[in-house]
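Inspection log for the structure reproduced underneath, given as structure tokens.
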Amino acid sequence: MKYRIPNLVNFDKFVFRIGELSRMTGVSSRQLRYWEQRDYISAITRDDQNKARVYDFHTFIQVSIIKRLQDEGYRLPAAVEKMRSIQKEIALSREFFKAAFDGVEVIDGQLYLNLGYFDKAKTKVLYGRYENGETSYEVRPVNKD
DNA sequence: GTTCTAACA
DNA sequence: TGTTAGGA
């Protein structure tokens with residue numbers, strides 16, 4: 001039996017105001033406004049400049065990464081630069097995994113990640129396993145269930 | 001109660 | 001970067 005995981009969660013609906021984002025990340029609201037002024041981060045477009053800022057989940061991730069890097073000793077501009085390069089790595093990883101990942105299968109009562117065809121002839125499938133904190137791989141013939 | 005901008009004992 | 005003023 002094969003399970004696929006559709007997009008069940010809409011992360012665009014995860015929005016926060018400045019006080020919430022500040023508490024979530026440990027970055028002061030003063031800092032968040034300053035970072036925005038420097039174009040290091042951005043709030044969701046505000047129609048009225050005097051209206052409260054709204055941040056999305058993506059910005060939460062960005063702020064979290066910058067904060068972590070600062071705690072590790074990076075200065076703000078360097079932290080932002082590294083955050084942006086990290087985001088490129090994350091984006092690439094996501095695309096690769098999205099392309100490779102083809103759902104979860106139960107084989108002999110065990111959960112397997114279907115990682116796509118192993119060979120060009122499409123006779124074998126690469127499976128990933130995760131057990132006791134370790135990953136492993138198995139190549140199996142195509143599952144005909 | 002929260003967030004806004006601007007300014008600085 | 002913190003804090004405060006005065007409004008929304």
Side-chain angles (χ1 to χ4, degrees), chain A residues 1-118 120 122 124-140 142-143 145:
Chain A
M1 187 181 289
K2 179 186 277 192
Y3 303 94
R4 291 182 188 283
I5 295 134
N7 292 322
L8 296 174
V9 180
N10 184 358
F11 284 94
D12 292 339
K13 291 184 178 174
F14 261 79
V15 293
F16 325 98
R17 300 214 302 183
I18 199 167
E20 296 170 308
L21 185 61
S22 176
R23 284 192 294 269
M24 289 161 65
T25 59
V27 177
S28 73
S29 52
R30 171 76 169 88
Q31 284 175 296
L32 291 171
R33 293 189 188 99
Y34 177 69
W35 295 4
E36 178 183 324
Q37 182 195 327
R38 302 301 300 272
D39 281 330
Y40 292 150
I41 60 171
S42 62
I44 294 172
T45 310
R46 286 186 294 170
D47 39 312
D48 182 352
Q49 283 296 276
N50 291 331
K51 215 174 160 191
R53 291 168 174 79
V54 175
Y55 299 98
D56 58 15
F57 189 78
H58 181 243
T59 305
F60 163 65
I61 299 295
Q62 290 184 317
V63 172
S64 300
I65 293 173
I66 296 172
K67 166 66 173 166
R68 164 68 77 75
L69 293 172
Q70 277 194 318
D71 291 346
E72 291 174 0
Y74 284 83
R75 284 195 176 170
L76 182 55
V80 171
E81 190 178 7
K82 187 166 182 66
M83 176 274 287
R84 287 175 176 161
S85 73
I86 287 172
Q87 289 222 303
K88 286 179 185 170
E89 295 170 20
I90 292 173
L92 174 63
S93 303
R94 269 185 88 255
E95 289 308 311
F96 185 87
F97 193 70
K98 198 200 296 179
F101 179 63
D102 194 26
V104 173
E105 293 181 31
V106 178
I107 300 171
D108 299 333
Q110 306 271 40
L111 272 180
Y112 284 84
L113 260 61
N114 183 322
L115 296 175
Y117 291 112
F118 184 73
K120 284 186 177 176
K122 301 187 177 180
K124 297 171 190 167
V125 173
L126 174 65
Y127 287 102
R129 289 271 292 148
Y130 184 77
E131 205 170 17
N132 301 324
E134 286 189 6
T135 57
S136 59
Y137 299 89
E138 289 179 27
V139 176
R140 292 169 158 272
V142 172
N143 188 8
D145 294 348

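Keep in mind that what you see is a predicted model, and the values were worked out from it rather than measured. Order of the sequence lines sets the chain letters (A, B, ...), proteins ahead of strands, with each chain counted from 1.
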Next on the checklist: Strictly below 4.0 Å: does A:Gln70 bring a side-chain N or O up to OP1 or OP2 of C:dT1?
Outcome noted: yes
Checklist entry - B:dC4 P sits how many Å from A:Leu32 CG, rounded? => result 10 Å
Checklist entry - How would you label the contact of A:Arg33 with the nucleic acid (heavy atoms, under 4.0 Å): base, sugar-phosphate, or nothing? => result base
Checklist entry - Who passes side chain to side chain donor-acceptor pair (under 3.5 Å) against A:Tyr34, sequence neighbours left out? => result A:Arg38
Checklist entry - Please give, in whole Å, the distance from B:dT2 P to A:Ile18 CD1? => result 13 Å
Checklist entry - Within less than 4.0 Å of OP1 or OP2 of C:dT1, is there a side-chain N or O belonging to A:Arg38? => result no
Next on the checklist: Can you tell me if A:Glu72 has over 12 outside heavy atoms packed within less than 6.0 Å of its CD?
Outcome noted: yes
Next on the checklist: I need the CD-P distance between A:Gln37 and B:dT3, as an integer number of Å.
Outcome noted: 19 Å
Checklist entry - Quick one: A:Tyr34 OH to B:dT5 C1', roughly how many Å, whole number? => result 16 Å
Item to check | Rounded distance in Å - CD (A:Glu36) to C1' (B:dT3) | outcome: 12 Å
Next on the checklist: List the residues meeting ring pair (Phe, Tyr, Trp, His ring centres under 6.0 Å) with A:Phe118, not counting sequence neighbours, and say none if there are none.
Outcome noted: none
Checklist entry - Quick one: stems for DNA chain B, with Watson-Crick or G-U pairs under 3.5 Å, at least three in a row? => result B:4-8 with C:2-6
Item to check | Phosphate contact (B:dC4 OP1 or OP2) by A:Arg53 side-chain N/O below 4.0 Å | outcome: yes
Checklist entry - To the nearest angstrom, how far is A:Lys51 atom NZ from B:dT3 atom P? => result 14 Å
Checklist entry - In this structure, which one of A:Leu115, A:Asp102, A:Asn114 forms a side-chain contact (heavy atoms from CB on, under 4.5 Å) with A:Leu126? => result A:Leu115
Item to check | Of residues 23-31 of chain A, the positions that come close to DNA chain C - non-hydrogen atoms, cut-off under 4.0 Å | outcome: A:Ser28, A:Arg30, A:Gln31
Checklist entry - In terms of ring plane angle, is the pair A:Phe14 and A:Phe57 parallel, tilted or perpendicular, where the classes change at 30° and 60°? => result perpendicular
Item to check | Ionic contact status for A:Arg17 with A:Glu20, cut-off 4.0 Å | outcome: no
Item to check | Value in whole Å for how far the C1' atom of B:dT5 lies from CZ of A:Arg46 | outcome: 10 Å
Item to check | With A:Glu81 via side-chain contact (heavy atoms from CB on, under 4.5 Å) - residues at least two apart | outcome: none
Next on the checklist: Rounded to whole Å, please give me the gap between CD1 in A:Ile66 and P in C:dT1.
Outcome noted: 11 Å
Checklist outcome for this item: Taken in chain and number order and not counting sequence neighbours, the residues that satisfy side chain to side chain donor-acceptor pair (under 3.5 Å) with A:Gln31 are A:Ser28
Checklist entry - Which of parallel (below 30°), tilted (30 to 60°) and perpendicular (above 60°) describes A:Tyr112 and A:Tyr127? => result perpendicular
